[in-house]
Chemist: 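Sharing a structure here in structure tokens format.
A note on names: the letters A, B, ... follow the listed sequences, proteins ahead of strands, and every chain is numbered from 1.
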Number of protein chains: 2
Amino acid sequence: MTSDPAAPDDRLTFWSFVDYAVAKAGAELPSVDAEAMRLVLTLHRVTSMVVYDLESSAHRPNGWSWPGFRVLFVLWLAGEMEAKTAAELSGLSRASVSALLKTLEKDGLVARRRGEHDGRSVLISLTPAGRAAITRGFSAHNARESAWAADLTPDERATLVALLRKLMDGSASADAKRRM
Amino acid sequence: MTSDPAAPDDRLTFWSFVDYAVAKAGAELPSVDAEAMRLVLTLHRVTSMVVYDLESSAHRPNGWSWPGFRVLFVLWLAGEMEAKTAAELSGLSRASVSALLKTLEKDGLVARRRGEHDGRSVLISLTPAGRAAITRGFSAHNARESAWAADLTPDERATLVALLRKLMDGSASADAKRRM
DNA sequence: ACCGAATGGTCAAAGCATTGATTACTTGAG
DNA sequence: CTCAAGTAATCAATGCTTTGACCATTCGGT
């Protein structure tokens with residue numbers, strides 16, 4: 001009506017909303033860091049699209065969740081480890097891993113055993129069935145990853161990865177709240 | 001044991017695992033698209049760190065969830081809309097929005113009313129309390145966003161956003177499974 | 001050697017995600 | 001006009017995530 005940066009129009013979509021929001025928020029609150037907002041909004045939207053696609057095209061059809069896949073994935077690549085380590089590597093909380101292991105163990109994909117050196121710890125590892133499952137599952141997963149990555153040139157992929165790493169190596173990352 | 005690209009070493013962390021995983025998966029399965037794997041792994045890890053930080057430093061202390069914030073956010077910027085539109089703009093499923101609205105309405109932040117033109121639809125909008133809440137909450141949110149973005153130069157930020165947009169405009173995105 | 005502090009894992013409560021079914025209401029073809 | 005098909009919202013069931021509490025075990029300073 002008065003001074004909308006752009007009328008809502010009914011034309012807004014998941015993506016065009018980013019531009020609209022950056023302009024409108026700047027108009028509502030002059031102190032907004034608009035470019036930071038655009039960056040985080042875009043980052044989050046792209047990632048949730050990729051994750052949703054991978055989860056629904058590669059994981060759910062096989063009866064797994066993305067977090068379950070992550071646990072199997074780290075066990076597949078790094079071998080037997082403490083539950084604590086699996087949580088750290090997969091980016092989940094210890095409680096989530098503990099809950100997840102109940103399902104994975106019930107399905108016969110993962111084996112738990114008591115740690116020998118440290119009586120508190122639980123060592124987890126893939127069963128043969130788990131190894132077969134992750135091998136098949138990862139192929140489907142990687143095929144979709146490949147399709148996403150193919151839309152960028154090799155240089156662009158390298159640049160994107162470098163910028164993302166810079167983001168996580170920065171000071172904000174150092175101050176950030178982390179799991180645990 | 002035999003030909004590990006790098007021994008697990010106990011030195012693996014959330015981040016160093018990316019390099020390790022790319023090398024190891026390539027050794028296990030020759031057909032792997034390693035660069036695609038690195039891209040998706042990095043993208044997901046950065047995003048989950050940012051989201052976790054924003055959620056735990058800006059939202060949870062105020063008693064909200066990140067998804068609740070997203071709904072208030074789109075209502076704040078685009079005004080009253082159908083629940084269906086709020087789902088589309090916030091990137092949630094209609095069922096999730098419906099569930100979320102129960103909480104937001106109970107807390108007096110959002111008002112529901114029946115659509116006039118379409119008797120099936122529900123129109124949702126911010127209450128004055130909701131407007132006050134999102135204004136305060138967004139400031140805290142944007143302050144953290146700003147801290148993250150400050151680790152990149154303006155050029156780097158522009159490049160990063162451009163590459164992310166290219167990713168979502170690509171053909172993989174077009175083929176991707178989407179919500180609804 | 002001991003006892004307090006720290007650590008690893010699990011559980012409980014609460015919240016949000018998903019898919020699939022159900023209930024309204026609207027639309028459009030015949 | 002009518003009835004089938006489509007659409008909006010909600011509900012139900014299930015699963016994952018979070019925090020915070022708790023237990024068992026280990027570590028470390030005195």
Chemist: Using heavy-atom distances to pick each residue's nearest nucleotide on DNA chain D, tell me which of A:G91 and A:G119 is more 5'.
Modeler: A:G91

Chemist: Quickly work out the A:E105 CD to C:dG9 P distance and round it to whole Å.
Modeler: 14 Å

Chemist: Could you give the CG-to-P distance, from B:L123 to D:dA8, as a whole number of Å?
Modeler: 13 Å

Chemist: Between A:W64 and A:H141 (judged by ring centroids, cut-off 6.0 Å), do the two rings come close enough to count as a pair?
Modeler: no

Chemist: Take nucleotides 10-16 of chain D nucleotide by nucleotide from the 5' end and write B, S or -, depending on whether a protein heavy atom sits under 4.0 Å from the base, only from the sugar-phosphate, or from neither.
Modeler: BB----S

Chemist: Kindly state each residue pair satisfying ring pair (Phe, Tyr, Trp, His ring centres under 6.0 Å) with at least one member in residues 76-110 of chain A, sequence neighbours excluded.
Modeler: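 Found A:W76-A:F138.
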
Chemist: Measure from NE2 on B:H117 to P on C:dA24 and round the result to the nearest Å.
Modeler: 23 Å

Chemist: Please tabulate, for the side chains in residues 32-43 of chain A, all donor-acceptor contacts under 3.5 angstrom to protein atoms that are two or more places apart in sequence or on a different chain.
Modeler:
from	atom 1	to	atom 2	distance (Å)
A:D33	OD1	A:E35	N	3.4
A:D33	OD1	A:A36	N	3.1
A:D33	OD2	B:S146	OG	2.5
A:E35	OE1	A:R38	NE	3.4
A:R38	NH1	A:D19	OD1	2.8
A:T42	OG1	A:R38	O	2.7

Chemist: Is a donor-acceptor pair below 3.5 Å formed from side chain B:R120 to base C:dT26, judging by atom type as modelled?
Modeler: no

Chemist: Could you tell me how far apart A:Y52 (OH) and C:dC16 (C1') are, to the nearest whole angstrom?
Modeler: 15 Å

Chemist: What is the separation between atom NZ on B:K84 and atom C1' on D:dT7, rounded to the nearest whole Å?
Modeler: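 One finds 8 Å between C1' of D:dT7 and NZ of B:K84, rounded.
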
Chemist: Would you mind reading off the distance between B:M81 atom CE and D:dA8 atom C1', rounded to a whole angstrom?
Modeler: 16 Å

Chemist: For A:R112, enumerate each residue passing the salt bridge (charged side-chain N to carboxylate O under 4.0 Å, His left out) test, keeping only those at least two apart in sequence or located in another chain.
Modeler: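 In terms of salt bridge (charged side-chain N to carboxylate O under 4.0 Å, His left out), with neighbours along the sequence ignored, A:R112 is linked to A:E105.
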
Chemist: Output every pair passing ring pair (Phe, Tyr, Trp, His ring centres under 6.0 Å) with a member in residues 144-176 of chain B, not counting sequence neighbours, ordered by first then second residue.
Modeler: none

Chemist: Rounded to whole Å, please give me the gap between CD1 in A:I124 and P in C:dG8.
Modeler: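 After rounding, the reported distance stands at 14 Å.
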
Chemist: For the pair made of CG in A:D118 and C1' in D:dC27, what is the distance, rounded to whole Å?
Modeler: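 Rounded to whole Å, this separation is 10 Å.
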
Chemist: Under the salt bridge (charged side-chain N to carboxylate O under 4.0 Å, His left out) rule, collect the residues that match up with A:E82, sequence neighbours excluded.
Modeler: none

Chemist: Might you point out which heavy atoms bring A:L92 and A:R70 nearest each other, and give the distance in Å?
Modeler: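 Nearest pair, atom of A:L92 first, then A:R70: CD2-NH2, 3.3 Å.
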
Chemist: Relative to the 5' end of DNA chain C, which residue comes earlier, A:R60 or A:S121, by the nucleotide with the nearest heavy atom?
Modeler: A:S121

